[in-house]
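See structure below.
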Number of protein chains: 2
Amino acid sequence: MTTIDSTLLNHVAIVLMEPKFPENIGAAARVAWNMGISRLIVVGSIPPDRERMAMMATHKAAHLLENMEFHHNLETALAPFSRVVGATARRGRQRIPGKNPRDVVSEILPLLPDNEVAFLFGPEDRGLTNDDLKYCQMTSSILTADFSSLNLAQAVAIHCYELYHGVVHCRKDTAPSPGLATTFELEGMYHYLEETLSSIDFLQDKSYDYYMNNIRQFLGRMQLSSKDSSIIRRICRQFLRLQGQSVAKKE
Amino acid sequence: MTTIDSTLLNHVAIVLMEPKFPENIGAAARVAWNMGISRLIVVGSIPPDRERMAMMATHKAAHLLENMEFHHNLETALAPFSRVVGATARRGRQRIPGKNPRDVVSEILPLLPDNEVAFLFGPEDRGLTNDDLKYCQMTSSILTADFSSLNLAQAVAIHCYELYHGVVHCRKDTAPSPGLATTFELEGMYHYLEETLSSIDFLQDKSYDYYMNNIRQFLGRMQLSSKDSSIIRRICRQFLRLQGQSVAKKE
């Protein structure tokens, strides 16, 4: 028998963005539990119906629903995570090219000992929006025939399966990974960066999203540590302070 | 973009043994279609409710339900297939050791150009029985935490996903595989083998199933061709004929 370092999966959360059918949350909870993942987060306007969730979860996964976190806001939900993988079937021009779940998991596994990782899934009908995806450093696309979209719980199932399979078969001697900046730290950094780039008129109404999305993708790929993000934030703050002084001088 | 030899998946069927909930058939149809598999077979006592199936299938997978084969008997359902993979979570003493779906698929892929392959799934509550599994040359077990059992449609999803992933990434230069004996041919052979072994009192009430299961597993692993199975059948028939004569002589 393979011995499994199942504690690794304690660093993984399944995050469902505005799921429409509570049954799908239940089915996702069940398969997450099947695959050794016990952290489930739902983002929405009203808490989902408990009974309809429980119907699909089986009693063994009931504790996942009891301990389920519920947030009104995606940024708050993702705040503690230093790696966010967005599951997407669609490929827009603004999108980070999606890798397949197997490759995603092989990149994520070395991060698990030192980082909290979220797998983010969009609503059943429309998937994740570009606005949701701005929090993601990676996207994961399950290749399907005719680019058809999967049932939500089955997309969760395939990702959980790849994670569990990866943990079971991963080599113990992989190099430790750095502690990456969390969404909370990254969003703080982006906030200062936006303000700074706006202050020099680099970001203007028309191209605002275009540039910020590209900058997010670029910095997202860089695997910034907490320290890195803090340095960038401090540079921006310092720049803004000086600029404030120079504006004050001019006036 | 990868070009996909999707015709390979025309040789794959998903076979559901006595599913309890028509919704699960619908969900299985949807994910089979998502992964380029269009042959769906259900075995049961009464045809499943069309509306409840359709609810989970989405309209794009509706033709899978329309073309779905329905059989009362598993042996008849499996007759055309020369490789049957049984999906099982349980590990009994009588069971063929289950491989994981990824390894199963890598063994199945080279067979696809020349063989019809069935993936067989048991009912939601109890899975496949030993009696169902006797038609399987391989079993596939999705490893789960605490050996918990997956939702039927999710087990189908993971197998279909592995098949599609395998076909997309498989190398075109794999050696062609032989045409294997179908379930129809194998069952014909086993029938004669049973009769022959009974006639020499090798198979007796107490150990009957034990020996026949082991013989099935042993011959199952051998990847018998149509010709091989025909030869074994003819040897048995010839033996029985001679024995009939010698019995007649003695009388």
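Convention: sequence-line order gives letters A, B, ...; per-chain numbering from 1.
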| request: Scan for salt bridge (Lys or Arg N to Asp or Glu O under 4.0 Å) pairs involving residues 48-62 of chain A, sequence neighbours excluded, and state none if there are none. | output: A:Glu23-A:Arg52

| said: Counting only non-hydrogen atoms closer than 4.5 Å, does B:Ala61 touch chain A with its backbone (N, CA, C, O), its side chain (CB onward), both, or neither? | reply: neither

| message | Please check if the number of heavy atoms outside B:Phe70 that lie under 6.0 Å from its CZ is greater than 12. | response | yes

| query | To the nearest 0.5 Å, how far apart are CZ in B:Arg102 and OH in A:Tyr161? | reply | 4.5 Å

| query | Does any heavy atom of chain B fall under 4.5 Å from the side chain of A:Ala153, the backbone, both, or neither of them? | reply | both

| A:His165 and its side chain to side chain contact (heavy atoms under 4.5 Å, CB included) partner, picked from B:Ile142, B:Leu143, B:Asn100 | B:Asn100

| field | Closest approach of B:Met56 to A:Asn151 (non-hydrogen atoms, all atoms of both residues) | value | CE-ND2, 4.1 Å

| note | For B:Met35 and A:Ala145, the nearest pair of non-hydrogen atoms, with its separation, is C-CB, 4.4 Å

| What option among B:Ser149, B:Cys160, B:Ala157 has the most heavy-atom pairs under 4.5 Å with chain A? | B:Ser149

| said: I'd like to verify something: which residue of B:Asn34, B:Thr144, B:Thr58, B:Val31 has the highest number of heavy-atom pairs under 4.5 Å with chain A? | reply: B:Asn34

